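Everything below concerns the one structure shown next.
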Amino acid sequence: MSFFILVGNSVKVSPLAVARFLTHHKFLLTLEYDNMREVLECLEDLGLARTYQSNLRKLVLESCREDMERVLEELIECFPLLEALSFNNSDLNLVLLSPVSRLSHLSKLELGNSPSTQLTASFQESVLPILNIIGGQITHISLENFKFFDVTSIGRYCPKLVSLKLSNILSYCRAENQKIRSVSLNQEIKNIVISKD
């Protein structure tokens, strides 16, 4: 078995049961479950941070707050093959995101701030330091609820980018206003979506 979905199930499955299921199915590539944040917390509670290795390729985390900073720092090594990582409705900051820079196979990154941090979340302070490390391998980026976006930096740090999605960005740094020469985005970008809800 390489694919398993537990979303919207009629029988309630606890995060602990999903965590145990993961540990017994280490070759599972895809697991869709509506509360993976709590599953990670259960994996940490089970003391598996140093011994568990997963083959999951995608992880979607909802509503991450300060309490997840330590959990991600401990568990990120358990998911060395992650290719896609999503944070939805989360309080994003550099401490929470810094473990992401250790994912050497990551190519898709979705970062969605919670509405409560939309006006304070800093693209430059929380996202750019991560892209400075792993931007060369990123092909897809989605950013939601940021107060600022710098297209020049994305072009500089993410030369392989083919898909860029921006939603609810309050302001943009215009590339022609930069004192340094603008690095153009890859000509192979096939998908750019900019929306304002």
Side-chain angles (χ1 to χ4, degrees), residues 1-118 121 126-127 130 134 137-146 163 165 167-168 193 195 197:
M1 173 173 39
S2 63
F3 184 82
F4 198 76
I5 298 177
L6 286 170
V7 177
N9 53 339
S10 57
V11 178
K12 184 69 175 162
V13 178
S14 73
L16 180 58
V18 175
R20 288 185 174 142
F21 177 83
L22 266 178
T23 62
H24 289 93
H25 296 86
K26 294 181 181 181
F27 296 105
L28 193 66
L29 301 179
T30 303
L31 172 67
E32 294 185 19
Y33 178 66
D34 57 0
N35 202 347
M36 285 302 290
R37 179 181 57 83
E38 287 190 18
V39 171
L40 293 188
E41 291 170 345
C42 290
L43 287 173
E44 186 194 32
D45 290 345
L46 291 171
L48 298 174
R50 304 271 188 264
T51 58
Y52 173 67
Q53 289 283 294
S54 169
N55 280 316
L56 285 183
R57 300 303 200 263
K58 180 180 180 180
L59 197 56
V60 178
L61 301 173
E62 301 278 344
S63 303
C64 292
R65 306 290 182 253
E66 286 182 9
D67 58 334
M68 278 301 291
E69 293 172 357
R70 178 185 46 79
V71 174
L72 280 176
E73 180 65 34
E74 290 289 319
L75 289 178
I76 205 71
E77 310 296 340
C78 297
F79 302 94
L81 301 178
L82 278 183
E83 298 170 355
L85 179 59
S86 298
F87 289 91
N88 298 325
N89 190 29
S90 296
D91 293 349
L92 301 174
N93 60 52
L94 184 57
V95 176
L96 179 68
L97 294 177
S98 63
V100 173
S101 65
R102 300 198 305 263
L103 296 170
S104 60
H105 295 281
L106 193 70
S107 61
K108 297 179 182 180
L109 183 59
E110 296 180 353
L111 301 175
N113 272 304
S114 68
S116 64
T117 57
Q118 176 180 0
S126 60
V127 179
I130 305 306
I134 62 168
Q137 66 197 46
I138 299 294
T139 59
H140 295 70
I141 292 180
S142 175
L143 300 171
E144 181 178 15
N145 293 334
F146 279 88
S163 178
K165 181 180 178 187
S167 179
N168 287 336
V193 177
S195 64
D197 292 341

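Atoms considered below: every heavy atom in the structure, side chains included; atoms not considered: hydrogens, waters and symmetry mates. Nothing here was measured: the structure is a model prediction, and the numbers come from that model.
- For the pair L31/L56, a side-chain contact is recorded, criterion being any heavy-atom separation below 4.5 Å from C-beta on.
- The main-chain N or O of F21 is never found under 3.5 Å from a side-chain atom of T23 such that the two would form a donor-acceptor pair.
- A donor-acceptor pair under 3.5 Å is absent between the side-chain atoms of E144 and the main chain of S167, judged by distance alone.
- A donor and an acceptor atom, one from each side chain of E110 and S142, are nowhere located under 3.5 Å apart.
- Within the structure, salt bridge (charged side-chain N to carboxylate O under 4.0 Å, His left out) contacts touching residues 18-31 (residues at least two apart or in different chains) do not occur.
- With contacts defined as side-chain heavy-atom distances shorter than 4.5 Å, the pair S114/R65 qualifies.
- Atom-to-atom distance recorded for S104:OG and I134:CD1 is 9.5 Å, nearest 0.5 angstrom.
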Point to revise | Verdict with reasoning, E44 to E73, per side chain to side chain contact (heavy atoms under 4.5 Å, CB included) | key: CA-CA 10 Å; E44 186 194 32; E73 180 65 34; over 6 Å; no
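- When all heavy atoms of C42 and A19 are compared, the closest pair comes out as CB-CB, 3.8 Å.
- L92 and L111 get closest at one heavy-atom pair: CD1-CB, 3.7 Å.
- The structure places NZ of K58 at 12.5 Å from CG of L106, a figure rounded to the nearest 0.5 Å.
- Between E74 and R50, at least one side-chain nitrogen of the basic residue sits less than 4.0 Å from a carboxylate oxygen of the acidic one, meeting the salt-bridge criterion.
- Of all non-hydrogen atoms in S90 and L61, the two that sit nearest each other are OG-O, 4.3 Å.
- Looking at heavy atoms from C-beta onward, E41 lies in side-chain contact with D67 at the 4.5 angstrom threshold.
- Here the CG atom belonging to L109 is positioned 9.0 Å from the CD1 atom belonging to I130, to the nearest 0.5 angstrom.
- The side chain to side chain contact (heavy atoms under 4.5 Å, CB included) with F87 is formed by just one residue from the set L85, N89, D91; it is L85.
- The CG atom of L72 lies 8.5 Å from the CG atom of L97; values are rounded to the nearest 0.5 Å.
- Nearest heavy atoms, Q137 versus H105: NE2-N, 4.0 Å.
- In this structure, R57 pairs ionically with E83, as a charged nitrogen and a carboxylate oxygen lie closer than 4.0 Å.
- Rounding to the nearest 0.5 Å gives a distance of 11.0 Å between OH of Y52 and CG of L46.
- Checked by atom type and distance alone, the side chain of Y33 pairs as donor or acceptor with a backbone atom of V13 at under 3.5 Å.
- Here the CD-CG distance, from E38 to D45, works out to 10.5 Å after rounding to the nearest 0.5 Å.
- Applying the side-chain contact (heavy atoms from CB on, under 4.5 Å) rule to N93 yields the partners E69, V95, L96; only residues at least two apart in sequence or on another chain are considered.
- The shortest side-chain heavy-atom distance between I141 and V127 does not fall under the 4.5 Å cut-off.
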